Amino acid sequence: MELVEESPYRFRIDQRDPMRVPGVVFATRSLLPDAGADKSLEQVANVATLPGIVDASYAMPDVHWGYGFPIGGVAATDVERDGVVSPGGVGFDISCGVRLLAADLDRAELGPRLDALMDGLAEATPRGMGKGAVWHLADRAELDGVLRGGSRYAVERGFGVERDLDRCEDYGAVDDADPAQVSDRAVERGARQVGSLGSGNHFLEVQVVEEVYDDRVAGVFGLRPGQICVMIHCGSRGLGHQICTDHLRGMEKVMSRYGIEVPDRQLACAPVSSDEGRAYLGAMAAAANYARANRQLLTDAARRIFNRQTGQGLDLVYDISHNLAKLETHAVDGVPRRVCVHRKGATRALPPGHEDLPADLRAVGQPVLIPGSMGTGSYVLTGVPGSPAFASTCHGAGRVRSRKQAVKAERGADPRRQLEEQDIAVRGVSRRGLAEEMPAAYKDVTAVVESAEGAGLCRKVARLAPIGVVKG
DNA sequence: ATGTAC
């Protein structure tokens with residue numbers, strides 16, 4: 001794959017048949033994926049062939065190989081010009097995302113209570129493959145409430161406070177969820193998992209604000225140096241996975257009817273305005289709401305434990321997804337267009353002044369939450385004016401080793417002990433789960449974030465260091 | 001990511 005270095009932190013893949021637009025990769029040379037083991041740059045070029053794509057097929061500095069689209073990919077299609085929506089551009093874990101909670105408590109004040117706090121959080125956080133959930137739904141009507149209402153429904157049912165919703169993307173729910181497009185099988189899988197972490201790179205961490213880069217913005221976000229926070233990273237579990245599977249299959253069947261050809265079968269798609277496109281977007285929105293309710297329920301559980309152990313509450317800083325497609329208005333060649341922005345392993349980063357931000361955040365921009373790899377620290381960023389890539393930035397460290405390779409690399413090592421030696425309390429489920437997520441399997445999140453900042457996609461606000469990790 | 005395979 002031929003890359004042209006356009007400027008620091010920005011490479012271009014020139015447009016050539018059948019690409020409709022160029023590819024753009026925001027990264028340093030050392031962050032670029034290894035072409036031998038990772039086909040993500042070919043995927044960037046493949047995405048550039050999608051009908052209706054505008055501007056460019058973008059990759060964030062944490063780009064790596066995914067299903068159809070790369071993880072770390074951003075692409076927008078023009079809705080009124082036969083633009084398509086592609087489930088592979090969102091990913092299997094629909095609306096996987098991050099929520100950050102801040103306590104009015106410093107590390108020193110928490111003191112030796114950390115261990116008891118971790119025990120409580122571990123006990124209160126259902127996690128691991130398919131196991132348990134905070135909420136046992138009474139019937140399909142309750143699940144429909146989750147699918148339509150997201151965090152709003154969870155708060156209505158007593159799992160949170162009104163203020164939480166001001167600090168959620170879309171105020172806790174997207175409006176266009178269509179539960180009728182969610183299969184019985186997806187419902188069956190989802191009904192037992194509302195309020196559960198899952199496994200893989202999902203986690204709940206107790207963190208400390210280690211460094212603040214912008215006092216004013218951090219202050220508006222409710223963050224200060226030394227402060228204790230809780231970060232929750234999880235998604236839509238089996239429900240989102242099943243929805244992605246169902247709708248990929250449905251689109252594969254009808255693509256030829258719309259005259260769509262793609263260079264990779266995994267890029268199955270349909271026009272946004274087609275029956276299949278609308279059906280997927282309705283189901284995807286339902287999964288998006290499910291993931292938000294999921295994080296709201298885990299928040300409620302964490303708050304109860306936190307209050308019991310410390311007497312303190314946890315204020316929501318923000319909740320943001322990094323696997324989602326959204327209909328948004330962006331300037332394309334200087335003209336406002338309605339586009340379907342796919343962000344897969346990429347985070348929306350609204351600039352200061354954006355009308356979709358709540359009044360108290362509008363002056364500083366949207367909080368962007370970047371979970372690091374296990375044990376290495378996470379970042380809080382904010383959007384910047386005039387950024388490229390449809391107001392998007394990176395989403396995390398980005399894998400460089402497959403899960404299998406990661407386990408192999410940890411052969412003979414004790415992942416849990418390695419974390420404890422860094423003074424990080426660990427509450428895991430399996431050794432394998434920890435081994436798969438060791439930092440050696442990931443890019444350096446600091447290098448990723450600095451590249452994203454260097455490329456003009458966002459600005460650093462604070463860095464958080466983990467002191468305790470609960471994992472599936 | 002995921003009842004780690006329909």
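Chain letters run A, B, ... following the sequence lines, proteins first and then strands; every chain starts at 1. What you are looking at is a predicted structure, and each value in this text was computed from that prediction instead of being measured.
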Residues [X], [Y]: salt bridge by 4.0 Å N-O rule:
X      : Y      : result
A:R401 : A:D38  : no
A:E205 : A:K471 : no
A:R292 : A:E169 : yes

**Message:** Is there a side-chain contact between A:M118 and A:V470 in this structure, where contact means two heavy atoms from C-beta onward sitting under 4.5 Å apart?
**Reply:**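 Yes; the side chains approach each other to less than 4.5 Å.
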**Residue pair A:F69 / A:S86, side-chain heavy-atom distance below 4.5 Å** =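 They are in side-chain contact.
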Verify the contact: side-chain N or O of [X] to OP1 or OP2 of [N], cut-off strictly under 4.0 Å; return yes or no.
X      : N     : answer
A:Q193 : B:dG3 : yes
A:R237 : B:dT2 : yes
A:S199 : B:dT4 : no

Between [N] ([atom2]) and [X] ([atom1]): distance, integer Å:
X      : N     : atom1 : atom2 : answer
A:L239 : B:dT2 : CG    : P     : 12 Å
A:Q242 : B:dT4 : CD    : P     : 12 Å
A:F92  : B:dT2 : CZ    : C1'   : 9 Å
A:L197 : B:dT2 : CG    : C1'   : 14 Å
A:E436 : B:dT4 : CD    : P     : 13 Å
A:H202 : B:dT4 : NE2   : C1'   : 15 Å
A:R432 : B:dT2 : CZ    : C1'   : 14 Å
A:E437 : B:dT2 : CD    : C1'   : 14 Å

**Item:** Side-chain H-bond candidate by donor/acceptor type, A:Q296 with A:R99, under 3.5 Å
**Value:**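 The answer is yes; a qualifying pair exists.
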**Nucleic acid contacts of residues 129-151 of chain A, taken as heavy-atom distances under 4.0 Å to DNA chain B** =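 When residues 129-151 of chain A is checked for heavy atoms under 4.0 Å from DNA chain B, the hits, listed by number, are A:M129.
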**Item:** Plane angle bin for A:F26 and A:Y58 - parallel if under 30°, tilted between 30 and 60°, otherwise perpendicular
**Value:**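 Rings of A:Y58 and A:F26: parallel, as their planes differ by under 30°.
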**Request:** May I ask you to say what A:G235 touches in the nucleic acid, namely base, sugar-phosphate or nothing, with a heavy-atom cut-off under 4.0 Å?
**Result:**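 Contact class for A:G235: none.
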**Item:** Residue met sooner reading DNA chain B from 5', once A:R185 and A:R189 are mapped to nucleotides
**Value:**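 It is A:R189, whose closest nucleotide lies nearer the 5' terminus.
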**Asked** Between A:R192 and A:R249, which has a closest nucleotide on DNA chain B that is more 5'?
**Response**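 Closest to the 5' end, via its nearest nucleotide, is A:R192.
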